[in-house]
Amino acid sequence: MATHAPVAHPGGIAGHIHQEPQGFVRRYVFSIDHKIIGIQYLITGFVFFILAGLLAETIRTQLLNANGGFVSPETYNEVYSIHGSAMVWLVVIPILTGGFGNLVFPLQIGARDVAFPWLNLLSFWIFPVAGLMLFSSFLMGAPTAGWTEYPPVSLQGAAGTSMWAAAIFLVGVSSTLTGINFVVTLLKMRAPGMTFTRMPLFCWAQFATAPLLMIATTALAAALAALFIERQFGVPFFDPTKGGSAVLWQHMFWFYSHPAVYIMILPAFGIISEVLPTFARKPIFGYKLIAFSSMAIALAGFMVWAHHMFTSGLAPYLQLPFMILTFAIGVPTGIKIFSWTATLWGGKIHLTTAMLFAIGFIALFTCGGITGIFLAAVPYDLDVHGTYFVVAHFHYVLVGGSMMGVFAGMYYWFPKMSGRLLNETLGKIHFWLFFIGFNGTFLPMHWLGVEGMPRWVASYDPQFEFWNRFASISSYVMALGMLVFFYNVISSARFGKRSGPNPWNGRTLEWMIPSPPHYYNFKNIPTVYGLPYDFSHPLPYKGLEDELNDSPPAAAGAH
């Protein structure tokens, strides 16, 4: 990466510019460069993904046979509890917000960094510490009540449950700091001319996600603190035998965890909204509808938590409004699906690996959304709650949705991280192994659930054995696809074809500068005068003429 003298930002937070650090440790370990921090989030998140994936394969190996036998029931309970917790808090959320958020969105708004670089550094380093705490809970008896850790079971768990609560609390602190940083950055550091209605849609997605990170996480932090205090000091918050309420935990947990679904999916929506127009070579259909629907989803996400509690004794007069509100949140989501499909209609489709994952995302997430409508209906939810139908729905949304978005983003922005392209042949092998393995794993769970197979069981009725065995073998195919992906990333980072600044002919600002970008991103802060998705028009930027040559950056304070 070339070295350039710091240049003052022309707007907003003028005093935040800092010197480029020297030495490996300061540049790549304790870096305050948002791009390096984004890559650190991605690397750490994928390390935790490998660990959580090994736990997932342990679950599926246990369920190969109706009588289990691969691990003990106690160990099995620990394994699925840590698997779910790790996938939500250590993989999907950090990769999509901390990873791609840090890496891409300051570049897309024409900023030289985030508003609070040192806070960004702190946010990141809390994350791996919390992850190590979570996995180290195995050493002292990991939690056994699933990723939701409902009391009173979690109150009776081993010491590792307290470690679990402390770890997730720290992840929440990290997420909240990241959300604050992103909101201030986006409000104060956009390039001149970049109004809200000219922002790339990935920025809109991060903007909609940030309040969720700040507000919803607060409820979870309070619940976790109460659980920790009750376990360690006996203060009765959730134990009904001492005057507490186990249902109180459920309200606080789901007030966070249902918006958390949108924390995990909104940034993926943003990635898909960038990939589709680039590889369809046409403007995205319904730009404002997609942008505003992200905000509508973020707002409505706070109003539907109680649909998780239809079986918890929720009063009947409350069930109807929460059912209707849950149905209603499908409207802005449906708008996005319609807009993406209309974008593809009549486009000059380039079936790159990123595009394959984006199209796969639409198919799988739509399936997950449809089953979500089923679960929002009170009578049907009462019938299948606690069965594998819920497992299938959850994974179609968060793996078929969020993780497919992550892979689309990796293939799309890997050149911007490394200056090299991921191998497309290996990428397509990865896609098909993952896509086929995913559907083979989770599609049968729909009818397993309808037929009554319960969740969280280490052994089951032999009548369910065939489809469980089919799902387990399919999960190995999915894991094989992941091996291809990791090999591709490692080998391409060193030996991949050099990409140049803009290998996809993208039109957002990150593609207008070298790959990887200079330390301060832009020699001159550009001026924006239009949307980036109009492929039939000239680029809507001024002031980028010198970005791809070796001339020194402009004088301090200049655009």
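For this chain, numbers begin at 1 and follow the sequence in order.
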Has Arg190 got its NZ or CZ under 6.0 Å from the middle of the six-membered ring of Phe196, at an angle within 45 degrees of the ring axis?
-> yes
Straight-line distance of Leu421 CG to Arg498 CZ, nearest 0.5 Å = 11.0 Å
Do the rings of Phe357 and Phe407 sit parallel, tilted or perpendicular, given the 30° and 60° boundaries?
-> tilted
How are the rings of Trp164 and Trp89 set to each other: parallel, tilted or perpendicular (split at 30° and 60°)?
-> perpendicular
Where is the tightest heavy-atom contact between Met512 and Glu547, given as atom of each residue plus distance?
-> O-CB, 3.7 Å
Test His446 against Tyr396 for ring-ring contact (aromatic ring centres under 6.0 Å, His included), laying out the working first.
-> CA-CA 11 Å; His446 289 95; Tyr396 262 81; 5.4 Å; yes
Please check if atom CZ in Phe535 has more than 12 non-hydrogen atoms from other residues, nucleotides or ligands closer than 6.0 Å.
-> yes
Measure up the Tyr262 and His258 rings against each other and bin them: parallel (under 30°), tilted (30 to 60°), perpendicular (over 60°).
-> perpendicular
Would a distance-only check, ignoring hydrogens and angles, find a side-chain to backbone donor-acceptor pair under 3.5 Å from Ser293 to Ile290?
-> yes
Does NZ or CZ of Arg112 lie under 6.0 Å from the centre of the six-membered ring of Phe522, at an angle within 45° of the ring axis?
-> no
What is the ring orientation for Trp340 with Phe361, classed by angle as parallel under 30°, tilted 30 to 60°, or perpendicular over 60°?
-> perpendicular
What are the two closest non-hydrogen atoms of Leu509 and Leu544, and how far apart are they?
-> CD2-CD1, 3.8 Å
